[in-house]
Amino acid sequence: MKRVAVAVLVFINAGVGFGFQGSSEWVKYNSPEGRYSVLVPTQPKLTTQETTASTGEKVPQYLASSPDGNGVFMVGHFDYTTEMTFSLDKARDGMVTAMNATLLGEDSISLGGSPGRQLKLLAKAADQQEFIVRARFYDVGRRVYVLQCIFPKAEDSLGVVDKAEKFFQSFKVEARP
């Protein structure tokens with residue numbers, strides 16, 4: 001079996017610099033294709049992109065991003081084949097490298113018995129602005145879910161931590177049909 005670390009969704013460029021005013025009323029977003037639901041500050045924008053795994057296979061990635069003030073909440077997912085393996089350690093390392101970030105904290109977590117990781121990163125945008133990235137990713141039955149909450153470091157506060165926790169705790173995955 002070929003060993004591959006499937007690239008973790010890193011959408012920092014898509015989420016940085018949104019100048020939208022956040023709403024106090026969050027919306028429940030249901031993704032029938034992604035088989036998940038989550039609370040987000042605004043109706044998310046949906047995008048798809050393709051990445052290439054180290055095996056050469058094309059892997060479509062799906063993203064729902066919801067701006068909130070100068071920050072953004074994102075949920076991404078992708079599936080990997082039986083010829084691939086997913087590594088939580090390599091996913092963490094890939095996220096840190098791709099964002100040119102510093103790992104500030106990490107915990108092993110789970111979602112319904114599926115393994116996951118929780119990260120806190122300090123990342124810099126191209127303009128050198130610093131961002132705090134709170135991320136969780138889970139490996140659920142050959143599907144990887146990546147949740148990210150990204151805010152300017154200057155705005156990091158208990159309010160942002162509370163919003164991130166609300167977002168993370170609301171994430172639910174439906175059983176496979």
Side-chain angles (χ1 to χ4, degrees), residues 7-49 61-78 86 88 91-92 94-96 98-99 101-123 125 129-141 143-175:
V8 171
L9 302 170
V10 179
F11 297 103
I12 193 165
N13 292 334
V16 176
F18 281 73
F20 296 54
Q21 179 63 37
S23 169
S24 61
E25 294 285 328
W26 284 40
V27 296
K28 183 174 183 179
Y29 172 68
N30 291 298
S31 172
E33 300 82 13
R35 296 188 307 273
Y36 69 86
S37 65
V38 67
L39 291 176
V40 289
T42 59
Q43 190 63 34
K45 176 184 174 191
L46 306 178
T47 57
T48 303
Q49 70 181 31
Q61 301 175 335
Y62 306 93
L63 174 70
S65 59
S66 173
D68 184 51
N70 291 320
V72 66
F73 293 84
M74 296 183 284
V75 179
H77 72 275
F78 63 90
F86 179 75
L88 294 170
R92 174 207 55 224
M95 184 177 279
V96 169
M99 292 182 158
T102 302
L103 182 63
L104 301 176
E106 174 181 22
D107 293 300
S108 292
I109 56 175
S110 65
L111 180 69
S114 296
R117 288 284 169 84
Q118 176 174 273
L119 308 176
K120 182 178 178 184
L121 307 169
L122 175 63
Q129 184 177 5
E130 294 183 318
F131 290 86
I132 297 293
V133 180
R134 289 177 173 81
R136 290 186 180 182
F137 49 93
Y138 303 99
D139 183 3
V140 182
R143 174 166 285 177
V144 176
Y145 293 97
V146 181
L147 292 81
Q148 296 182 72
C149 171
I150 303 171
F151 275 85
K153 182 182 176 191
E155 295 181 22
D156 196 28
S157 66
L158 288 178
V160 170
V161 171
D162 288 346
K163 286 181 181 184
E165 197 58 28
K166 177 178 182 175
F167 170 67
F168 291 141
Q169 292 302 317
S170 73
F171 182 74
K172 306 289 183 235
V173 174
E174 301 168 13

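Rounding to the nearest 0.5 Å places OH of Tyr29 at 4.0 Å from CG of Leu46. Considering OG of Ser65 and CD of Gln148, their distance stands at 10.5 Å, rounded to 0.5 Å. Taken to the nearest 0.5 Å, the OG1 atom of Thr102 stands 5.5 Å off from the CG atom of Leu122.
Ala101 is linked by a side chain to side chain contact (heavy atoms under 4.5 Å, CB included) to Met99, Leu121, Ala123, counting only residues two or more places apart in sequence or in another chain. Under the rule for a side-chain hydrogen bond (donor to acceptor under 3.5 Å, both in side chains), Gln43 has no partner lying at least two apart in sequence or in another chain. With sequence neighbours excluded, the residues forming a ring pair (Phe, Tyr, Trp, His ring centres under 6.0 Å) with Phe151 are Phe73, listed by chain and number. Residues satisfying the side-chain hydrogen bond (donor to acceptor under 3.5 Å, both in side chains) test with Glu130, not counting sequence neighbours, are none. Contacts of Asp156 classified as salt bridge (Lys or Arg N to Asp or Glu O under 4.0 Å), with partners at least two apart in sequence or in another chain: Arg134. For Ser170, the side chain to side chain contact (heavy atoms under 4.5 Å, CB included) criterion is met by Val38, Leu39, not counting sequence neighbours. Here Gln169 pairs with Glu165 under the side-chain hydrogen bond (donor to acceptor under 3.5 Å, both in side chains) rule; sequence neighbours left out.
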Donor-acceptor pairs are to be reported for all side-chain atoms of residues 104-111 against protein atoms at under 3.5 Å, with residues two or more places apart or in another chain.
residue : atom : partner : partner atom : Å
Glu106  : OE1  : Arg92   : NH1          : 3.3
Glu106  : OE2  : Arg92   : NH1          : 2.9
Glu106  : OE2  : Arg117  : NH1          : 2.8

Show, in sequence, the C-alpha distance, side-chain angles and deciding distance for Leu63 and Gln49, and conclude whether the side-chain contact (heavy atoms from CB on, under 4.5 Å) test is met. CA-CA 8 Å; Leu63 174 70; Gln49 70 181 31; over 6 Å; no
Between Ser37 and Lys28, is a side-chain contact (heavy atoms from CB on, under 4.5 Å) present by the stated rule, with each step listed? CA-CA 7 Å; Ser37 65; Lys28 183 174 183 179; 3.8 Å; yes
Between Val133 and Leu119, is a side-chain contact (heavy atoms from CB on, under 4.5 Å) present by the stated rule, with each step listed? CA-CA 8 Å; Val133 180; Leu119 308 176; over 6 Å; no
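Listed for the Tyr145 side chain is a donor-acceptor partner under 3.5 Å among the backbone atoms of Gly34. At least one donor-acceptor pair under 3.5 Å links the side chain of Ser66 to the backbone N or O of Thr42.
Residues Arg143 and Glu33 approach most closely at NH1-O, 3.2 Å, considering heavy atoms. Asp139 and Ser114 make their closest contact through O-CB, 3.3 Å (heavy atoms, listed as atom of the first residue, atom of the second, distance). What you find for Phe131 and Ala125 is that their closest heavy atoms are CE1-CB, 3.7 Å.
Using a 4.5 Å heavy-atom threshold, the side chains of Pro152 and Gln129 count as touching. Thr47 places a side-chain heavy atom less than 4.5 Å from the side chain of Lys45.
When the options Phe171, Tyr138, Tyr62 are evaluated for a ring-ring contact (aromatic ring centres under 6.0 Å, His included) with Tyr36, the one that passes is Phe171.
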